[in-house]
Amino acid sequence: TDPDGPGTGGGGGNEASLLVKTAIQLNQNDSSITNYGYDAQGRLIRFWQSGNDNVLNDPDEIVILRSNGGVIQTFTVNEDPGSSSATTVYSVYNEGGRYTAKVSQEVVAGSTYRDSLVYVYNGAGQISEAIYYVSIDGSPFADWAKNEFVYSGNGNLTAYKSYYLDVNTMTYEQANDVIVEYDDKPSPLVLGAEAIVLDKVDFLSPNNIEKITITDLEDPASNDVVDYTYVYNDKNKPATASVTFQSIGLPIPVTFHYQ
């Protein structure tokens, strides 16, 4: 473990115009707001929800603890601030400048579950797989699912696929396939590998998502397409966006705030 090691293809930092808030205004009274907090070096250390709605059902708060070198050591996910039963603390491991795993623990119906994700890298130094393991009441860790990640030449995440382990055949079966298309403008927030560690893959890539095509291989009724259109500011970053889920039809208006 190298808690003060070098960066890992992300760092959660931006050289100029930090994203501090995204706001979804549904009507005059209802809003869904995500706030972003940074340390003195401009590295992301907190997400938190405000407003009176949560359109995308994100956690109410994520608090990130970094080493002096900027590496994520732990992060805490609060699904419901003030309720310890809805809080999960993840320990994050780093070796040789790469995030290698994260581990969490919770008690469910009297049993203690330890969940671990192990990260596999490709030749370009990008996370190509995240393999899920679980241990129950001290049993040896056993794998049960995995995600695969595919990138374009400029580092955009162009596809990710989810698999589950079929216990009858002990082989992985693909559950879904997600294809992502991008514009050529800079994203409001670029986290690189940290986006996978924090489960915030929308902020992994250097460019902005234009279209997501979701294919559910188990339930075609859950297939969906999401389209994004943007108005850009003078730095070519999104000032506003309109996000339309094919399954819903109505566009969701998003405003980006920087400082």
Side-chain angles (χ1 to χ4, degrees), residues 6-14 44 56 58 71-72 75 90 92-102 115-133 143-166 169-230 237-238 241 243-247:
T8 58
N14 291 264
L44 186 70
L56 301 179
D58 287 329
V71 174
I72 296 175
F75 68 96
Y90 293 88
V92 181
Y93 297 90
N94 184 285
E95 185 175 348
R98 291 179 173 180
Y99 292 112
T100 56
K102 70 178 179 183
D115 290 308
S116 175
L117 274 85
V118 173
Y119 302 113
V120 178
Y121 286 75
N122 61 21
Q126 301 157 320
I127 294 178
S128 58
E129 287 187 333
I131 305 172
Y132 292 76
Y133 294 84
D143 59 320
W144 62 276
K146 70 175 180 177
N147 292 332
E148 290 183 350
F149 305 93
V150 180
Y151 303 86
S152 65
N154 69 345
N156 285 329
L157 177 66
T158 56
Y160 50 99
K161 307 173 184 182
S162 297
Y163 298 80
Y164 67 91
L165 186 67
D166 186 329
T169 63
M170 297 305 293
T171 58
Y172 279 110
E173 300 289 339
Q174 187 174 352
N176 62 36
D177 192 11
V178 180
I179 304 297
V180 191
E181 302 170 36
Y182 296 85
D183 66 9
D184 58 357
K185 304 293 194 300
S187 169
L189 179 61
V190 183
L191 297 179
E194 291 187 353
I196 294 176
V197 174
L198 297 169
D199 296 319
K200 290 288 184 180
V201 293
D202 285 357
F203 289 127
L204 185 154
S205 302
N207 300 125
N208 302 288
I209 296 171
E210 280 193 325
K211 183 177 182 180
I212 302 175
T213 303
I214 304 166
T215 303
D216 190 319
L217 300 176
E218 298 179 304
D219 180 12
S222 297
N223 292 351
D224 211 345
V225 176
V226 189
D227 290 300
Y228 298 71
T229 57
Y230 300 95
K237 291 186 175 182
V243 184
T244 304
F245 289 78
Q246 188 178 79
S247 57

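Small disclaimer: the values here were computed from a predicted structure and weren't measured. Below, each value reflects all heavy atoms present in this structure, side chains not excepted, and no hydrogens, waters or symmetry copies.
N147 and S162 share a donor-acceptor pair across their side chains, judged by distance under 3.5 Å alone. In the model, T244 has no side-chain atom that pairs as donor or acceptor with a side-chain atom of D227 under 3.5 Å.
Under the 4.5 Å side-chain criterion, counting only non-hydrogen atoms from C-beta, Y119 is in contact with I196. Counting heavy atoms from C-beta on, the side chains of Y132 and L165 never come closer than 4.5 Å. Between V226 and I209, every side-chain heavy-atom pair lies at or beyond the 4.5 Å cut-off. Residues Y151 and L204 form a side-chain contact, since some pair of their non-hydrogen atoms from C-beta on lies under 4.5 Å apart. By the 4.5 Å heavy-atom criterion applied to side chains, Y182 and L157 are counted as neighbours.
No side-chain donor-acceptor contact under 3.5 Å links Y163 to the backbone of E148.
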- [ ] Decide side chain to side chain contact (heavy atoms under 4.5 Å, CB included) for Y160 and V201; before the verdict, give the C-alpha distance in whole Å, the side-chain angles of both, and the deciding distance to 0.1 Å.
- [x] CA-CA 10 Å; Y160 50 99; V201 293; 4.1 Å; yes

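Of all heavy-atom pairs spanning Y99 and E194, the tightest one is OH-OE2, 2.9 Å. Residues F75 and K102 share a closest heavy-atom pair of CZ-NZ, 3.9 Å.
Remark: K146 is positioned above the aromatic ring of Y172, its terminal NZ or CZ atom under 6.0 angstrom from the ring centre and at most 45 degrees off the axis.
Evaluated for a side-chain contact (heavy atoms from CB on, under 4.5 Å) with S205, the options N156, V190, T158 yield exactly one hit, N156.
For D216, there are no salt bridge (charged side-chain N to carboxylate O under 4.0 Å, His left out) partners two or more places apart in sequence or in a different chain.
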